[in-house]
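Single-structure report; data block below.
Every value quoted in this text rests on a predicted model; they were computed, and no experiment measured them.
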Amino acid sequence: MKLVSFQKENEVRTGLIQHDLVIDLYEATDGKLPKDILALIGRGGGALETIADLGPFSQGGKGVILLEDATLKAPIPIPVSIRDFYAFEEHVRTARRKRGLDVVPEWYDVPVFYFTNHLAVKGPDEAVAGPAECEWLDYELEIACVIGKEGRNIAKEDAEDHIFGYFIMNDWSARDIQKHEMKVGLGPAKGKDFATSFGPYLVTKDELETRRSGDRFDMKMTAKVNGKLLSEGNFKDIHYTFADMIERASKDVTLYPGEVIGSGTVGTGCILELGTETHRWLRAGDEVELEIEGLGVLRNTVAGTREEEKDVLPQNGENTTQTSHHV
């Protein structure tokens with residue numbers, strides 16, 4: 001099933017998508033299911049069973065609105081935490097090669113991650129503003145999983161039991177700020193903490209089983225800027241699976257329902273990796289469209305107008321020096 005968070009008057013409600021409809025789960029169940037998606041995730045399989053028993057809805061029914069009339073928020077507007085990993089070897093290898101570096105041997109020892117700002121999450125069609133001093137704004141095409149069951153020291157073999165579902169994630173990056181701050185050897189921080197986009201909906205893990213390929217999933221991943229295809233990858237090419245990531249993240253630490261784990265950028269999935277000879281850095285007015293098979297399309301526009309920025313940021317095709325740390 002596909003779950004969303006949507007604006008209803010002065011609060012955010014949890015909804016179920018059925019074809020071209022959104023069902024307000026709180027209203028449709030007379031309050032049996034919670035308004036908040038974190039509370040619903042915390043109820044685990046019991047909540048999903050209740051939803052599955054609801055059956056089909058029709059336009060005009062209790063708690064039913066047209067999807068086109070719904071203002072969707074991020075599926076989880078304020079997650080418990082966001083850990084972003086670095087799990088696609090192609091991205092790591094290519095981005096480091098552009099800096100004249102090999103992949104460090106330690107990358108193959110354990111999956112690594114950083115924490116980003118869980119209070120700066122953006123939803124589908126929401127404008128995203130980069131830091132005021134940023135001139136190297138970048139997108140990052142990622143997939144994320146949501147923890148649905150509490151656990152500590154979770155074995156890789158048991159990790160699937162702790163996943164609630166998946167959605168598309170855009171780990172927006174201010175590459176120039178990131179480059180400067182990471183010379184200190186800590187971070188990333190201000191190069192990342194201004195925005196992370198989720199959406200358009202949270203897909204429960206059972207929906208992806210038809211796409212399973214061994215311990216991975218065959219799901220094409222693409223990114224477009226202003227309609228131009230820039231990035232093409234596949235989830236199945238990931239080096240570390242989410243099971244690997246969950247095992248690492250939960251080592252000596254308890255994971256809780258509502259925590260988000262990002263995959264890191266798929267190969268070719270950002271401008272840093274592609275190079276500014278392929279596409280300039282993002283500027284105000286650009287529309288970024290990320291698509292993953294089975295998970296939908298996540299669109300965001302860079303805040304502002306092209307006219308405001310055209311004399312400040314690099315023009316299309318301009319080859320700007322881009323030696324930078326990368327995640």
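A salt bridge links Asp171 to Lys192: at least one charged side-chain nitrogen sits closer than 4.0 Å to a carboxylate oxygen. Glu135 and Arg283 are not joined by a salt bridge, as no carboxylate oxygen comes within less than 4.0 angstrom of a charged side-chain nitrogen. Salt-bridge annotation for Arg211 and Glu209: absent, with no side-chain N of the basic residue lying under 4.0 Å from a carboxylate O of the acidic one. Comment: Arg248 does not engage Asp109 in a salt bridge, judged by the lack of any side-chain N to carboxylate O separation of less than 4.0 angstrom. Using a 4.0 Å cut-off between charged side-chain N and carboxylate O, Asp161 and Lys149 make no salt bridge. A salt bridge links Arg175 with Asp138; the closest basic N to acidic carboxylate O contact falls under 4.0 Å.
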Under the side chain to side chain contact (heavy atoms under 4.5 Å, CB included) rule, what do Cys270 and His91 come out as? Steps first, then yes or no, please.
CA-CA 9 Å; Cys270 63; His91 169 68; 3.6 Å; yes
Would you check, one step at a time, whether the test side-chain hydrogen bond (donor to acceptor under 3.5 Å, both in side chains) holds for Thr50 with Asp53?
CA-CA 5 Å; Thr50 299; Asp53 290 341; 5.9 Å; no
Let me see the working for Arg280 and Asp286 under salt bridge (Lys or Arg N to Asp or Glu O under 4.0 Å), right down to the final yes or no.
CA-CA 11 Å; Arg280 56 162 172 76; Asp286 284 341; 2.7 Å; yes
Start with the C-alpha distance between Tyr166 and Phe242, add both sets of side-chain angles, then the distance that settles ring-ring contact (aromatic ring centres under 6.0 Å, His included), and finish with yes or no.
CA-CA 11 Å; Tyr166 300 86; Phe242 276 115; 5.8 Å; yes
Let's go through Glu160 and Arg212 carefully: what are the C-alpha distance in whole Å and the side-chain angles of both, what is the deciding distance for salt bridge (Lys or Arg N to Asp or Glu O under 4.0 Å) to 0.1 Å, and is it a yes or a no?
CA-CA 13 Å; Glu160 285 284 337; Arg212 182 176 288 279; 3.7 Å; yes
Step-by-step side-chain hydrogen bond (donor to acceptor under 3.5 Å, both in side chains) determination, Thr116 to Asp84
CA-CA 7 Å; Thr116 194; Asp84 200 12; over 6 Å; no
Given Glu232 and Thr222, is the side-chain hydrogen bond (donor to acceptor under 3.5 Å, both in side chains) satisfied, shown in steps?
CA-CA 5 Å; Glu232 291 185 274; Thr222 62; over 6 Å; no
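Counting non-hydrogen atoms of other residues, nucleotides and ligands closer than 6.0 Å to CG of Leu186 gives a total of 12 or fewer. More than 12 heavy atoms of other residues, nucleotides or ligands lie within 6.0 Å of NE2 in His239, so this atom counts as buried by the packing criterion. Heavy-atom neighbours of Gln59 CD from other residues, nucleotides or ligands within 6.0 Å: at or below the threshold of 12.
Side-chain contact between Asp20 and Glu68 is absent, with no heavy-atom pair separated by less than 4.5 Å. Side chains of Lys220 and Ile292 form no contact here, defined as non-hydrogen atoms less than 4.5 Å apart. Looking only at side-chain heavy atoms (C-beta outward), Thr204 and Leu48 come within less than 4.5 Å of each other. By the 4.5 Å heavy-atom criterion applied to side chains, Met1 and Asp206 are not counted as neighbours. Counting heavy atoms from C-beta outward, Ile271 and Thr278 have side chains that stay 4.5 Å or more apart. Between Ser197 and Leu298 there is a side-chain heavy-atom pair separated by less than 4.5 Å. Considering only heavy atoms from C-beta on, Asn300 comes within 4.5 Å of Trp172 through its side chain. Looking only at side-chain heavy atoms (C-beta outward), Glu273 and Arg97 stay at 4.5 Å or farther from each other.
Using cut-offs of 30° and 60° for the angle between ring planes, the Phe235 and Phe217 rings count as parallel.
Although no hydrogens or angles enter the test, the distance criterion places a donor-acceptor pair under 3.5 Å between the side chain of Ser250 and the main chain of Ile154. Although no hydrogens or angles enter the test, the distance criterion places a donor-acceptor pair under 3.5 Å between the side chain of Thr241 and the main chain of Asp244.
Atoms CD and CG, from Glu291 and Leu141 in turn, are 10.0 Å apart once rounded to the nearest 0.5 Å.
Using a 3.5 Å distance cut-off with no hydrogens or angles, the side chains of Thr301 and Glu287 do not pair a donor with an acceptor.
For Tyr139 and Trp281, the distance between ring centers is not under 6.0 angstrom.
Here the closest non-hydrogen pair linking Leu255 and Arg83 is CD2-NH1, 3.5 Å. Across all non-hydrogen atoms, the minimal contact from Ala284 to Val302 is CA-CG1, 3.7 Å. Summarising the geometry of Phe167 relative to Gly199, their closest heavy-atom pair is CB-O, 4.2 Å, with the distance given to 0.1 Å. Residues Gly130 and Leu137 approach most closely at CA-CD1, 4.3 Å, considering heavy atoms.
Cluster annotation: Val146 and Leu38 are assigned to the same hydrophobic cluster (Ile/Leu/Val/Met/Phe/Trp/Tyr, side-chain heavy-atom contacts under 4.5 Å, transitive).
Looking at Lys62, Lys8, Lys35 one by one, the single match for salt bridge (charged side-chain N to carboxylate O under 4.0 Å, His left out) with Asp24 turns out to be Lys8.
In this structure Lys205 satisfies the salt bridge (charged side-chain N to carboxylate O under 4.0 Å, His left out) test with no other residue, sequence neighbours excluded.
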